[in-house]
Novice: 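First, the structure itself, so that you have it in front of you.
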Amino acid sequence: MLNLTRKLFLTNILLTLLLAQPLLAQKPNFIIILTDDQGYNDLSCFGSKKIKTPNIDKLAKNGIKFTSFYAQAVCGPSRAALLTGSYPIRIAEPNNLKNQHTILHPKEVTIAEILKSVGYKTACIGKWHLGQRSKTGWNSTTMPNAQGFDYFFGTPLFNGYTVHVKDTRFRSQLLENTTVVKQAIQSWDNITSLYTQKAIQFISQNKSTPFFLYLAHNMPHIPLGASPKFKGKSAYGPYGDTIEEIDHSTGRIVNQLKKLNLLQNTLIIFTSDNGPWIETTRGNRPNINPFIPANHSGNADPLKGYKMLTFDGGLRVPCVMHWPEKIRPNQSSNKVAATIDLLPTLAHLADASLPKNLKLDGKNILPLITNQPNATSHHDKTGFLYYRYTTLEAVRSGKWKLTLPRANHPPQTGWSGRFHNSAVKTLTLNNLDTDPAEKINLADKHPDIVKRLLALIKDAGQNLGDHNQIGKNARFFDPGPKRPGRTKPKPKPISPITYENFKPLGPLHFTFEKSNHNFKVTSGKFPQFITERKDLPNHKQLPFNKQAKRFIFTANDPTRTTGNDTFTGKIQSPPFTLLGDKIAFLIGGGAGPDTYIALIDQDNKILKKAHGSNSPILKRIIWNIPQHKNKTLRILIVDNAKSNWGHITLDDLSANAKILKQEK
């Protein structure tokens, strides 16, 4: 009898444990797939006619599509908002600064930390872009492993800022946790496939425990990349190739969930960090060299604008959610939701507590996700706020969007203010349901709505802040002034170095304004060495003292706005007889031994040299050379350097000299 009782007791314990096991496994798994710079129109299910995305379309068909889903205007702030449930202007950063790409303060609390507290395994695979640089690499307290992620594999920063990797010296690292596994990524062709492999491994290793996977693809941010199976296959070109590979990646992840019998209990969220990066010329200014080709950029149609701007094309992104246990098939919602809502929603689903001492901007949107008939968006009441850096530029409530007037290139918006023709001339009210392109201003017809939305903007400025005020509920965890960069006096603008009206030394005078200069490339390759001032790289950031509009510049590449320091070779002037004692000119560019301007004689012997100063600002050189009077001479421009400052600039060359006829 005792043995039977003991057996029954042990059996009951075993049954209890067996019954408890499924209950422990009831917590849903979460996968957020975040793309980089993918436009609103860049999925088949969101209207693309050229990009094929059958796997994501299938998720939408068997789940819900959000057509008014918002991120932030640019990469870093968008990732910070998603992971913390707060607008970037509220989020604390180290030293109380406010960076254009948000750096998460170690005291901020992320989705990963919240889910980890209730037993979740967590992984960040892909682009982080929320870390703080240190002398030895990265401040570990601002990196994924210190922000709640058990595993990290990806890049600490973005791919780059040029169309091709070779266009700049910048190279991204690839990290696994805190270990550098690749110091410099030279090609992005295999990154999506590699991330997918790591994601599948993480899912497989954690199939018996609830998990949170944050898969933040580097694509389709430039420089683009696609594996051989996808390269050159899309009707949309290189950009389409990257999206179609991401779609394939999504399908592989879904198949792995099916294989492991996890799909039914996994909420998959697919969205983008901001709108497409459309910048056909630098800042989209007219009549300058091309920058990003159309087939390397996405499409926000039918929305107005693009990444970095607060028109809807900059922040409204495609969003698909799939969860067979909770979401009915073929659902669509135009209710306003945002990435800031994901943290409180996932915390609710995981039965996890929200941080007690941190006020969040997002709310639980499970009723919207499951498309309940009476579900409403909390953003209708509080307004969804459109920030560009620290500047609050617009608000949306329901179908109404109110945009404040702004000038072109507002200085308080930093580098995101560079875009041409982005001004808003007057207070503008748009009905986004009928006017997604923001063309029709209804402010005069609805003064009551304007008044209500202006009150939301005022309240947000007081609560969160604006470019000219500190929000009373913004977070600052470090001692010292709040947003110290804002309170410092504005630095005086750099005064342009104006041309000194140097009086030419004689009749030989080369300004390169006309085509009769007769300078010739004698070796190497300089496809367009006579350069116009407007085509000079970075001419907006640093002053120049060019004599006029045109000059010699050995890094001019008509196909690239950033110039091309890899060009090498030599350029010679026509021969001349020196009649006076001096030669004068302006020189800029590299100071190294391989970049210089020389004076040579008939036997090509170098008589005199001048180097640049590793600066785009030209300096005046005057050679006093009476010993070479009455000799036949030439000016030789030498550029044998391929690295940074591997170029030479020449302007305003003059001397008392006589040009000689050149032999044919």
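Position 1 is the first residue of the sequence, and the numbers go up from there.
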Novice: Determine whether a donor-acceptor pair (N or O, by modelled atom type, separation under 3.5 Å) exists between the side chain of Y389 and the backbone of K98.
Specialist: yes

Novice: Evaluate the ring planes of H296 and H164, with Trp represented by its six-membered ring, and classify them as parallel (under 30°), tilted (30 to 60°) or perpendicular (over 60°).
Specialist: perpendicular

Novice: Could you walk me through whether I327 and M321 pass the side-chain contact (heavy atoms from CB on, under 4.5 Å) test, one step at a time?
Specialist: CA-CA 8 Å; I327 303 173; M321 298 192 192; 4.1 Å; yes

Novice: Between F211 and Y120 (judged by ring centroids, cut-off 6.0 Å), do the two rings come close enough to count as a pair?
Specialist: no

Novice: Any sub-3.5 Å donor-acceptor pair from E245's side-chain atoms to S227's backbone N or O?
Specialist: yes

Novice: Please check if the side chain of T67 supplies one atom and the backbone of S333 the other of a donor-acceptor pair under 3.5 Å.
Specialist: yes

Novice: Can you name the closest pair of heavy atoms from C124 and P144 and give their distance?
Specialist: CB-CB, 4.4 Å

Novice: Taking the six-membered ring for Trp, is the centroid-to-centroid distance between F202 and F212 below 6.0 Å?
Specialist: no

Novice: Do K401 and Y386 form a cation-pi contact, if we require the NZ or CZ to be under 6.0 Å from the six-membered ring centre and within 45 degrees of the ring's axis?
Specialist: yes

Novice: Does I56 offer a backbone N or O that forms a donor-acceptor pair with the side chain of D247 under 3.5 Å?
Specialist: yes

Novice: Using the six-membered ring wherever Trp is involved, compare the ring planes of F149 and W128 and label them parallel, tilted or perpendicular (cut-offs 30° and 60°).
Specialist: perpendicular

Novice: Aromatic ring centroids of Y40 and F46 under 6.0 Å?
Specialist: yes

Novice: With a 4.5 Å cut-off on side-chain heavy atoms, are I268 and L59 touching?
Specialist: yes

